[in-house]
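Since the structure comes first, as structure tokens, the remarks are kept for the end.
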There are 2 protein chains.
Amino acid sequence: MMPAQHRLDRSAPTTGAAARLSRLAAMIAASGPLRLRDAAAALAVSEMTIRRDVAGADGLACLGGYVTATGGRPDGTGYVLHQEERAHMAGKRAAAEAAAASIRPGETIFIDCGTTMPFLAAALPVGAKLTVVCYALNIAAIVCRRAETRVILLGGLYHDSSASFWSRESEAMLGRIGLDRAFLSAGGIHRERGVSCSNFHEVPLKQIAMANAQESCLVADATKFERVMPAHFADLSAFHRIVTDATLAASVRQRFAAPRPRLEIAA
Amino acid sequence: MMPAQHRLDRSAPTTGAAARLSRLAAMIAASGPLRLRDAAAALAVSEMTIRRDVAGADGLACLGGYVTATGGRPDGTGYVLHQEERAHMAGKRAAAEAAAASIRPGETIFIDCGTTMPFLAAALPVGAKLTVVCYALNIAAIVCRRAETRVILLGGLYHDSSASFWSRESEAMLGRIGLDRAFLSAGGIHRERGVSCSNFHEVPLKQIAMANAQESCLVADATKFERVMPAHFADLSAFHRIVTDATLAASVRQRFAAPRPRLEIAA
DNA sequence: GCATAATTGTCATGATCCTAACATTGAATG
DNA sequence: CATTCAATGTTAGGATCATGACAATTATGC
């Protein structure tokens, strides 16, 4: 009935299941998912033992012959998706695609970071010869695949929480770029308390982009309304448009009915 | 003989394989790998169509029933590699891994762009708490997954040929970063005509990195020796080490036998 | 030294995935 | 309207993966 741990924990285990697990975790953190047979060969045990080790561990899983980290980070590490994270996927996509529909060929646009913006990046009109300015790794990864598109990535120190970069030089660079449209995301949209996000380093970049853009467009699924996040970065009136999805409650729509920003509901 | 494109490009592709691929990439960027059946359901097509789409795309792959982002694991297992990257893969990996072995915990290192450097990025010692400076998208994609690693990406305008960025601001930023080691790649290594690459925009960044580093290490497979590319960026004597693979011809080894740079052959 | 228990390896079975081949749909063309 | 071709769906098979049972090995305690 009682499980295995009948020995005291050592501080540095060099043999046994615990040692294998830590080595596995290190290998995966270093270079991504690992083939099960490679893991078995590297640790000089059978695949079955790897499976058993992983089965009794948090944060690791065997899927499709690979041993991989669970927890699904935005860069594609790990296989397991949290239901929570995907719950509003349809809303994000609808809002992002509606927002992207307004883009005209030849424009220079700014794309924010966050989990909504990848959908916008993917929905950019093809063959439109755009110039895209961004500061997130996952956005760049999508946009850089497009033909006929100039991509400017604002670099700097990487922040894992939003897969984005920041530096003083990036602020200066962005300040010199004239934008046709800026597409911003937000974690909170509140009638009185304005628009906010969770990461403070994003604030200056968002603000500079809005200041330099002829049109500022806020893109967010309906769950972001009436919420407030720690980092305030703009008042509602600073936006020309808010694009969201159709699940926005009627009462909220009423409260946000104003000439500016114009509230657009994606079909 | 003529391929598919017999219609003029529309401004917004709402159907077709290209549109599905973009959406898939967005979903994966937003919330990690997807179950194949979920992807099929979300895009209202069969799993077979998802497989076919993904098979004809770079950067995505189907693994174990999931569709996931590739790029980051240069070991070839189930991953799509560009033709260029396939060539001399064993040599590139051997040289890169030998070069990475010299890295000590806590160091600040510069990693160049090119097809050899992803192997080095993947071979960085685990748990070493490094600071990594880079200017290529694919390098950043690998390094940003590592835990306990600070990543600084030098941004700017994207150049597709080497998946790298360049800007004046990046040069300034790099100029202010003190480096323990700079790992450089090259397309040509010639005894008299020095070290060269194909893209001119890489030249200043390489030179600044070398100037700021305590040790400059050239990493290249054996096929790069005795060749000259258009953009000269350094003399041989500017390097402390050259790390290459064991297929280097004996005659060439003799010619490059010098106290500096020290020629190291990976086993 | 022996008995016991934990650990690991091997095998077998069912489930799932991957690929190829063929059928079907739909759009463009004459 | 018929034809043609590309794109997609369906089916089936072999390959691979996942899981449980059991055997072999190693470690531990008396």
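The model shown is predicted, which means the values in this text are computed figures rather than measured ones. Numbers restart at 1 for each chain; the letters A, B, ... are given by sequence-line order, proteins then strands.
- In this structure, A:E47 atom CD and D:dT16 atom C1' are separated by 10 Å, rounded to whole Å.
- Using a 3.5 Å distance cut-off with no hydrogens or angles, the side chains of A:T115 and A:K92 do pair a donor with an acceptor.
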Exercise for review: Give the intermediate values and the outcome of ring pair (Phe, Tyr, Trp, His ring centres under 6.0 Å) for residues B:F165 and B:Y158.
Suggested key: CA-CA 4 Å; B:F165 301 92; B:Y158 182 70; 5.3 Å; yes
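- For the pair A:D53 CG and D:dA18 P, the interatomic distance rounds to 15 Å; values are reported in whole Å.
- For the pair A:R37 and A:M48, nearest-nucleotide mapping onto DNA chain D gives the more 5' position to A:R37.
- Not one side-chain nitrogen or oxygen of B:S46 sits closer than 4.0 Å to the OP1 or OP2 atom of D:dT10.
- Here the side chain of A:D245 pairs a donor or acceptor atom with the backbone of A:A222 at under 3.5 angstrom.
- One interatomic measurement links the two molecules: CG of A:L36 to C1' of D:dA18, which rounds to 10 Å at whole-angstrom precision.
- Residue B:T49 places no side-chain N or O under 4.0 Å from the OP1 or OP2 atom of D:dA7.
- Rounded to whole Å, atom P of C:dT16 lies 12 Å from atom OH of B:Y66.
- Nearest nucleotide to the side chain of B:R52, out of C:dT10, C:dC18, C:dA21: C:dA21.
- The side chain of A:R51 lies closest to D:dT19 when the candidates are C:dT8, C:dC18, D:dT19.
- Remark: B:R35 qualifies as a cation-pi partner of B:Y66 under the 6.0 Å distance and 45° angle criteria applied to the six-membered ring.
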